[in-house]
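Here the structure is laid out as structure tokens; the discussion comes afterwards.
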Amino acid sequence: MQVERVQALALGRLNELPEKFIRPAHEQPLNTRAVEGIAVPVISLAKPHNVIVEEVSEAAAQWGFFLITDHGIPASLIEELQKVGKEFYMLPQEEKEAYANDPASGRFDGYGTRMTKNHDDKVEWIDYFFHHTAPPSKVNYDIWPKNPPSYGQVNEEYKKEMLKVTDKLLEVLSEGLGLDRKVLKSHMGDGEVELEMKINMYPPCPQPELALGVEPHTDMSALTLLVSNDVPGLQLWKDDNWVAVNYLPNAVFVNIGDQMEVLSNGKYKSVLHRSLVNKERLRMSWAVFIAPPHEAVIGPLTELVDEQNPAKYSTKTYGEYRHRKFNKIPQ
Ligand code: OGA
Ligand code: NI
């Protein structure tokens, strides 16, 4: 069955948003109070190590979110990553359809658009491309875009940088829990940590004040590292308000995900977030989800649990956790 892509729909220059995209009133950007200008933590990885540990663990606990700068990823590589991603979406529709995924039959890798409606009967204003980038044994290179031809090489390079940043963040987050720097990595499968790339494409939307790009959710990963083009759209749920995250050139957005909240026994918060869309401008973002292998056992770290600090979460394999949703959705 041919899936209706949001990008193709947007090309039709609609004057009105089709009904299936119109969010219930309490979710519409128009009707929610969004706080602009309160500062989301920005952390330079060039600071002394003990300062980074303090700032990262504080941000992970208070916000579940921060931006990193001086992370060592070449600006030219981030530019290339964005260029090849954009070029893929500019291909003729038939060429993109050759990569279509099929979540209903368990094939998540590939080109996708959310078809299944959520409980509110609404869908999101977004197309995406999803594929694994690590470890090599989990990567289906056949589904990676073959066009533009440099897509594969650029994404391999970017994966290496993501693995380096992941190592650094896992060390710092371990130390922030008062533990040896290797502890979190050892619970994430060591060298078998999984990286998944999701390229989000939010075409211009005729009535952005009624729609959402992605609806409120927490990421089920342990961490998510995201870069976007220069169009802002991400919002975080903080102290009962939506807080807009501004674009900062070359910074990488870091989300704490569900698995990190569980491992830290609730010290680090998996942040509830959503994204808005734009009337004139195309927004794109590149999210890398960092997750343990399916069979990894995830529960509050035993070092953090005692009589005074009982476990707040059950212990399950990551594969089992996948089916559990953190319920942080504001009503
Ligand atoms: C996601 C996500 C936000 C964004 O893909 O999980 O939250 O800014 N994306 O695109
Ligand atoms: Ni997310």
Side-chain angles (χ1 to χ4, degrees), residues 6-7 10 23 27 29 32 34 36 40 42 60 63-68 78 81-82 85-86 88-89 101 103 108-114 118 123-133 158 162 194-205 208 211-238 242-261 268-278 281-291 321-322 324-330:
V6 177
Q7 189 187 4
R23 309 302 304 191
E27 279 190 1
T32 50
E36 300 277 344
V40 172
V42 180
W63 286 79
F65 184 89
F66 47 96
L67 275 64
I68 52 173
I78 296 177
L81 178 84
Q82 300 202 3
K86 229 173 276 171
F88 171 78
Y89 281 105
N101 70 358
F108 293 97
D109 280 26
Y111 177 47
T113 300
R114 249 265 288 244
N118 73 357
V123 291
E124 303 165 316
W125 188 262
I126 187 174
D127 296 327
Y128 64 87
F129 202 103
F130 180 83
H131 63 70
H132 285 69
T133 61
Y158 192 69
M162 290 289 101
E194 292 196 14
L195 264 53
E196 299 160 338
M197 166 63 82
K198 183 172 167 243
I199 310 178
N200 295 315
M201 135 70 89
Y202 306 99
C205 177
L212 288 177
V214 289
E215 56 195 33
H217 67 286
T218 60
D219 292 347
M220 67 184 156
S221 54
L223 292 172
T224 305
L225 301 178
L226 180 143
V227 294
S228 74
N229 68 352
D230 60 355
V231 180
L234 178 64
Q235 296 191 331
L236 312 174
W237 184 249
K238 172 95 166 86
W242 288 107
V243 175
V245 182
N246 293 328
Y247 169 73
L248 183 64
N250 294 317
V252 174
F253 295 6
V254 183
N255 280 15
I256 299 296
D258 297 350
Q259 308 314 307
M260 185 61 71
E261 178 169 324
Y268 299 146
K269 305 292 185 315
S270 180
V271 62
L272 184 72
H273 55 287
R274 69 178 190 180
S275 61
L276 308 191
V277 291
N278 198 278
R281 300 193 62 196
L282 166 78
R283 177 161 188 267
M284 285 185 71
S285 69
W286 287 257
V288 173
F289 300 107
I290 296 154
Y321 259 116
R322 273 187 172 247
R324 159 179 157 158
K325 248 193 168 334
F326 273 38
N327 190 11
K328 297 188 175 183
I329 315 289

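Every number for a ligand or one of its atoms is a count from 1 in the order of the listing. None of these values were measured; they are calculated from a predicted model. The chain is numbered in sequence order, starting from 1.
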| task | Looking only at protein heavy atoms, identify the closest one to atom 9 (N) of ligand 1 and say how far it is in Å. | result | Asn200 ND2, 3.6 Å
| query | Which atom pair, heavy atoms only, marks the closest approach of Tyr247 to Asn250? | reply | OH-N, 4.4 Å
| said: Closer than 4.0 Å to some heavy atom of His217 - which atoms of ligand 1 meet that? | reply: 1 (C), 2 (C), 6 (O), 7 (O)
| said: If we set the cut-off at 4.0 Å for heavy atoms, which region of Phe289 has an atom near ligand 1: side chain, backbone, both, or neither? | reply: side chain
| task | Not counting sequence neighbours, which residues clear ring-ring contact (aromatic ring centres under 6.0 Å, His included) with Phe253? List them please. | result | Phe65
| said: Could you tell me, atom by atom, which parts of ligand 1 come under 4.0 Å of a heavy atom of Asp219? | reply: 6 (O)
| said: To the nearest 0.5 Å, what is the distance between CG on Asn255 and NZ on Lys269? | reply: 15.0 Å
| request: Answer side chain, backbone, both or neither: which part of Asn255 comes under 4.0 Å from ligand 1, heavy atoms only. | output: neither
| request: Mind checking the CE-CG spacing from Met260 to Asp219? Nearest 0.5 Å is all I need. | output: 12.5 Å
| request: Could you tell me which atoms of ligand 1, counted from 1 in the order shown, lie closer than 4.0 angstrom to a heavy atom of Leu234? | output: 3 (C), 8 (O)
| said: Could you check whether any side-chain N or O of Glu261 sits under 3.5 Å from a backbone N or O of Ser270, counting only pairs where one atom can act as donor and the other as acceptor? | reply: yes
| query | Rounded to the nearest 0.5 Å, how far apart are OG of Ser285 and OH of Tyr128? | reply | 13.5 Å
| Polar side-chain atom of Gln7 near backbone of Met201 as donor-acceptor pair, under 3.5 Å | no
| message | Which of the numbered atoms in ligand 1 are under 4.0 angstrom from any heavy atom belonging to Ser285? | response | 4 (C), 10 (O)
| said: Strictly below 4.0 Å, N to O, side chains only: are Glu124 and Arg274 in salt-bridge contact? | reply: no
| request: Tell me which part of Arg274 gets within contact of ligand 1: side chain, backbone, both or neither, using heavy atoms under 4.0 Å. | output: neither
| Smallest separation among heavy atoms of Pro203 and Trp125, with atom names | O-NE1, 2.7 Å
| said: At less than 4.0 angstrom from any non-hydrogen atom of Tyr202, what atoms of ligand 1 do you find? | reply: 3 (C), 4 (C), 9 (N), 10 (O)
| field | Arg114/Asp127 salt bridge by N-O under 4.0 Å criterion | value | no
| query | Can the positive tip of Lys198 be found less than 6.0 Å from the middle of the six-membered ring of Phe130, inside 45° of the ring normal? | reply | no
| query | For ligand 1, is Tyr128 a contact, meaning one of its heavy atoms is under 4.0 Å away? | reply | no
| request: State the atoms of ligand 1, each with its element, that fall below the 4.0 Å cut-off from a heavy-atom position in Lys198. | output: 1 (C), 5 (O)
| request: Spell out the protein N/O/S atoms under 2.8 Å from the Ni ion (ligand 2) as residue plus atom name. | output: His217 NE2, Asp219 OD1, His273 NE2
